[in-house]
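Here is the structure we will look at, set down as structure tokens.
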Amino acid sequence: MKTGLRFALLGPVRGWRGDAELDLGAPQQRALLAFLLLREGEAASIDEIVDALWGERPPESARAVVRTYVCRLRRVVSSGEDDDRVIRSSGCGYVISTGTVSVDWHTFLGQVREAQAVRARGNAAEAAGLLRGALRLWQGPPLGGARGDYVDQERTRLVQRRVAALEERLSLDLELGRHAEASEELAEAVAAEPMRERLRELQMVALYRSGRQAEALGAYDEVRRLLAAELGIDPGTGLRELHQRILRADPGLDPPVPGPVVAPERPPAQLPAAPPGFVGREAELASVHDTLGPGGWTPVVAITGLGGVGKTALAVQAAHAMRDRFPDGQLYADLGTSAGRPADPAEVLGFFLRSFGVPGDRLPDRLEERAALWRTVLADRRVLILLDDAGDADQVRHLLPAAPGCAAIVTTWRHLIDLPGARWIGLDALPPADALELLARLAGRGRVLGHRQDAVELVDLCSHQPLAVRVAADLLQARPHWTVRQVRMRLEDDLYRPAGANDGCALIEAPLLLAQSRLDPQQATAFRLAALPDYGELTAESVGALLGLPRPRAHRLLESLVDAHLLLAGPGGTYRYHGLVKAFARRQAWACEGVEQCDAALSRLLRHHSRRPAALPMG
């Protein structure tokens, strides 16, 4: 089960829950975390951990210190539910299961393996792109900020894996005819690893293909003298043979001849399947259709709202309805901000360009150059681009078309103020009638409408949120012997009790957990504590009393929660939660803030209302 935790080892040792960075503590504590993460799901005994941290001279208290480090790390990585879910006890030691967290080192290894498989199938350009993405994960010397004998050994091992991946990518670049670009990068790589013979071979080939034969021969003389002086050996067979081939101008060293750009046999049609049971949203669909209709400029529609409200469903539904307006293709990219690793716009552009027949060996390396080529490819074409789950404008800007007749739909969890020219559509929950119709379409009209009042109560319980209604419909289908009332009682128990447990609850709460992780600490505290009172409407005065803050600061916090789609703004400076969101926030308050802070907040609010003519219920 994923926890929303990300860890970086390819640079300073760091960790995040969502966008919030974690304090991982002292250098040896970070070393312990890195040690467990690098074991890739294999348990480590306390003795192994002691040996990794202190080597042959551990202090007498080493085992107790390890337990203290583990306890502290558990508190740091805990989401307030189960401290032992991430760092689990196993026998006489500890383990971090690979399925619970995201680690950049594991991502790097996976992309390298995928690149090797792709290369074996003959696609050098795609393999080079995968390796380029893998190498971009590195943010400096690995395991930075961690300390110990084990750390020094592992740092060397990780660096060697990086250099091997770099060699493979540079070899692919030469295979694709990118010798001029590779020459500069190889000069830097050789300076860092001057006695690595494979890098020297690649450097000599790149120089030779760039018309710099004398420099290629000079590179051989340099490494020959260095190896003799430092190690007392001669260059290996590969270097010696390459030296001779350059001397005789072997035609086999000539650069490959680039092939022509081949247009695709048919336009790309990459839209995901239309969502089943889609209902309502007539006004929003009309707005999308009108904005993206024929015109003299390139329109962009941006759809924003809380996760689970149906942004992607609306975007896909609208895109399918307008396919005939864009006969030259429909493109789709998941920009992946909810998946932990946002998509690189350069990689997305590479995918788009290849979809229109641009071969991998003709793709520029720099983002700006790919964007310029993308605008050229789209000139005089009518193409629709759907960009799903964008995190910021920088991720989107280079992917947008510039040609009249093209259009784009962007979905995002927040309003991107630096995305000029976009028509914004904010999504909220479905109207009650549409939520009921969605349940009926997905779970069976006869079964749902035959128990209409129970079904109405069920969609009310789901706050008319499409994701929650779909989960309820799935539960009805999975339990054909249950009544609608039984499903309602099951979801009410899971979603409104102090701690949800079943898979449906986890699925519904996943976007809420992600939205909460994007808040800063004061926003997150305000989001949770403001849900404690039982009354429906909040004001800046009441929330200020609850939090012990001045009214202007409380007002800014409430408005920031509206921007994050976690609160709804009402008339007269009031605010309210959706029922589902409020139940989640209240449960998080007791788990994250604790009983004492929750009681203190309610006491402050009670004192505030005691000074007013009438008190309100506290919960």
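Note that the coordinates shown come from a computational prediction; the quantities given were computed from them, not determined experimentally.
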Are any non-hydrogen side-chain atoms of [X] and [Y] less than 4.5 angstrom apart?
X: Trp374; Y: Phe356; value: yes
X: Leu22; Y: Arg17; value: yes
X: Val159; Y: Pro141; value: no
X: Gln139; Y: Arg14; value: no
X: Leu399; Y: Leu331; value: no
X: Val469; Y: His464; value: no
X: Leu512; Y: Val581; value: yes
X: Tyr575; Y: His555; value: yes

Heavy-atom pair of closest approach, residues [X] and [Y]:
X: Ala134; Y: Phe108; result: O-CD1, 3.4 Å
X: Leu557; Y: Ser560; result: O-OG, 2.6 Å
X: Ala473; Y: Leu442; result: CB-CB, 3.6 Å
X: Arg162; Y: Trp138; result: CB-CZ2, 3.4 Å
X: Leu547; Y: Ala526; result: CD1-CB, 3.6 Å
X: Leu566; Y: Leu519; result: CD1-CD1, 3.8 Å

Out of curiosity, [X] [atom1] to [Y] [atom2], how far, rounded to the nearest 0.5 Å?
X: Glu21; Y: Asp23; atom1: CD; atom2: CG; value: 8.5 Å
X: Arg39; Y: Leu37; atom1: CZ; atom2: CG; value: 12.0 Å
X: Leu73; Y: Ile87; atom1: CG; atom2: CD1; value: 4.5 Å
X: Thr525; Y: Gln588; atom1: OG1; atom2: CD; value: 11.5 Å
X: Leu580; Y: Leu467; atom1: CG; atom2: CG; value: 9.0 Å
X: Leu202; Y: Leu186; atom1: CG; atom2: CG; value: 6.0 Å

Can you tell whether the side chains of [X] and [Y] come within less than 4.0 Å, N to carboxylate O?
X: Glu559; Y: Arg556; result: no
X: Arg169; Y: Asp173; result: yes
X: Arg178; Y: Glu185; result: no

Take Asp563 and Arg414 through the test side-chain contact (heavy atoms from CB on, under 4.5 Å) and record every step on the way to the result. CA-CA 7 Å; Asp563 291 339; Arg414 62 176 178 173; over 6 Å; no
Can a donor-acceptor pair be found, under 3.5 Å and without considering hydrogens, that links the side chain of [X] to the backbone of [Y]?
X: Arg325; Y: His289; value: yes
X: Ser171; Y: Glu167; value: no
X: Asp104; Y: Leu9; value: yes
X: His565; Y: Asp428; value: no
X: Glu284; Y: Leu314; value: no

State whether a side-chain donor-acceptor pair under 3.5 Å links Arg281 with Gln317.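 No pair is found: no donor N or O on one side chain lies under 3.5 Å from an acceptor on the other.
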Please check if atom CD in Glu184 has more than 12 non-hydrogen atoms from other residues, nucleotides or ligands closer than 6.0 Å.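 12 or below, so no.
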In terms of the angle between their ring planes, are Phe527 and Phe584 parallel, tilted or perpendicular, with boundaries placed at 30° and 60°?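 Ring orientation, 0 to 90° scale: tilted.
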Going by the salt bridge (charged side-chain N to carboxylate O under 4.0 Å, His left out) test, name the single residue among Arg370, Arg136, Arg132 that passes it with Asp344.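 The single option meeting the salt bridge (charged side-chain N to carboxylate O under 4.0 Å, His left out) with Asp344 is Arg136.
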